[in-house]
Amino acid sequence: MALSVSSLASAFSHLSLPSTSAAQPPPLLRLLPSTRRAARLVLLASGADAAEPVEPEAPAADDGPEEVLAVEAEEDALSGLALRKYVKQRLPGGFAAQRITATGRRKMASARVVLQEGTGKVFINFREAKEYLQGNPMWVEYCKIPLATLGFENNYDVFVKVQGGGLSGQAQAICLGVARALLKISPANRVALRSEGLLTRDTRVVERKKAGLKKARKRPQFSKR
């Protein structure tokens with residue numbers, strides 16, 4: 001069947017033929033005339049605009065100088081005159097007026113010990129035990145051995161007034177005084193304390209110097225001529 005020219009023209013008029021010229025790229029992929037590096041920057045910038053913004057994580061807040069000073073003030077709250085007032089408030093009427101008291105001795109040292117219900121703090125001559133005993137861990141441990149033996153290291157506060165001798169003798173005198181004070185709390189504590197040898201008074205002392213000798217037994221060298 002022959003087709004007329006008018007019908008062919010109307011049929012081809014609905015078709016959209018591609019043009020011979022090269023198609024232009026979309027604006028995001030359009031290369032800048034300078035270099036490829038510039039094109040890459042354009043693509044990255046376009047991708048960043050399309051992505052959702054991410055909020056940066058807030059840095060961890062450091063303790064400011066005011067918070068540090070507040071912590072140091074709390075630590076130093078019981079020191080000096082404040083500590084002396086605190087001990088006197090805990091011991092109304094002084095050491096002699098307390099209910100649970102005992103005396104311990106070692107060498108030339110004599111310690112009066114008072115026990116009260118508390119959290120395991122030790123105060124010696126209105127000072128903390130660690131400060132008074134110059135931070136020596138062995139001497140500090142002497143004061144808590146009787147309490148640790150019975151499992152009371154966090155149940156009682158120890159208040160001590162000690163004099164005479166050195167720090168080593170004073171620490172051992174406090175140990176004996178605490179052990180004797182625990183007997184007043186309950187006589188049943190005697191078995192455990194006695195088994196550890198905490199109730200025995202150590203009577204050893206330095207031997208006195210003799211006349212004519214350099215020390216207790218050291219003597220000058222003998223010369224016959």
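For clarity, every value in this text was computed on a predicted model and none was experimentally measured. Side-chain atoms are counted along with the backbone in the values below, which use heavy atoms only and exclude waters and symmetry mates.
The number of heavy atoms from other shown groups lying within 6.0 Å of NZ (K85) does not exceed 12. Remark: Q163 CD is loosely packed, at most 12 non-hydrogen atoms of other residues, nucleotides or ligands lying under 6.0 Å away.
When all heavy atoms of A102 and A181 are compared, the pair lying nearest together is CB-N, 3.5 Å. Residues A173 and A109 come closest through the heavy atom pair CB-O, 4.1 Å. Closest approach of E128 to L83, counting heavy atoms only: N-CD2, 3.8 Å. The minimum heavy-atom distance between A192 and L150, with the atom names listed, is CB-CD2, 3.6 Å. Among all heavy-atom pairs drawn from V160 and A111, the shortest one is CG1-CB, 4.1 Å.
Scored by the salt bridge (charged side-chain N to carboxylate O under 4.0 Å, His left out) test, R127 finds E131 as partners (sequence neighbours excluded). Take A179 and apply the side chain to side chain contact (heavy atoms under 4.5 Å, CB included) test, not counting sequence neighbours, and it matches P146, L193, L198, L199. By the side-chain hydrogen bond (donor to acceptor under 3.5 Å, both in side chains) test, Q172 pairs with R106, S168, sequence neighbours left out. Residues satisfying the side chain to side chain contact (heavy atoms under 4.5 Å, CB included) test with T203, not counting sequence neighbours, are R201. Judged as a side-chain hydrogen bond (donor to acceptor under 3.5 Å, both in side chains), and not counting sequence neighbours, R208 has no contacts. D157 is linked by a side chain to side chain contact (heavy atoms under 4.5 Å, CB included) to R90, T119, K121, F159, counting only residues two or more places apart in sequence or in another chain.
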Inset, instruction - Step by step, work out the side chain to side chain contact (heavy atoms under 4.5 Å, CB included) result for Y156 and I185. - result: CA-CA 11 Å; Y156 292 95; I185 296 177; 3.6 Å; yes
Inset, instruction - Start with the C-alpha distance between L147 and V158, add both sets of side-chain angles, then the distance that settles side chain to side chain contact (heavy atoms under 4.5 Å, CB included), and finish with yes or no. - result: CA-CA 10 Å; L147 295 173; V158 182; 3.8 Å; yes
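Linking Ile, Leu, Val, Met, Phe, Trp and Tyr whenever their side-chain heavy atoms come within less than 4.5 Å puts V178 and L167 in one cluster. Note on I124 and V87: separate hydrophobic clusters, where clusters join Ile, Leu, Val, Met, Phe, Trp and Tyr whose side-chain heavy atoms are under 4.5 Å apart, directly or indirectly. A single hydrophobic cluster is not seen to contain both L183 and L176; linkage of ILVMFWY side chains at heavy-atom distances under 4.5 Å, directly or through other members, places them apart.
Going from atom CZ of F95 over to atom CZ of R112 covers 8.5 Å, rounded to the nearest 0.5 Å. Put simply, CG on D202 and NZ on K107 are 8.5 Å apart, with the number rounded to the nearest 0.5 Å. Within the model, atoms CZ of F152 and CD of E117 stand 10.5 Å from one another, a figure rounded to the nearest 0.5 Å. Atom-to-atom distance recorded for L182:CG and L115:CG is 5.5 Å, nearest 0.5 angstrom.
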Let me check something: any side-chain donor-acceptor pairs from residues 132-144 under 3.5 Å, sequence neighbours excluded? List them with distances.
| unit_1 | atom_1 | unit_2 | atom_2 | d |
| --- | --- | --- | --- | --- |
| Y132 | OH | N125 | ND2 | 3.4 |
| Y132 | OH | Q170 | OE1 | 2.8 |
| N136 | OD1 | M138 | N | 3.0 |
| N136 | OD1 | W139 | N | 3.4 |

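The stretch residues 215-225 participates, sequence neighbours left out, in these salt bridge (Lys or Arg N to Asp or Glu O under 4.0 Å) pairs: E207-R217. A salt bridge (Lys or Arg N to Asp or Glu O under 4.0 Å) check over residues 164-191, counting only residues at least two apart or in different chains, returns nothing.
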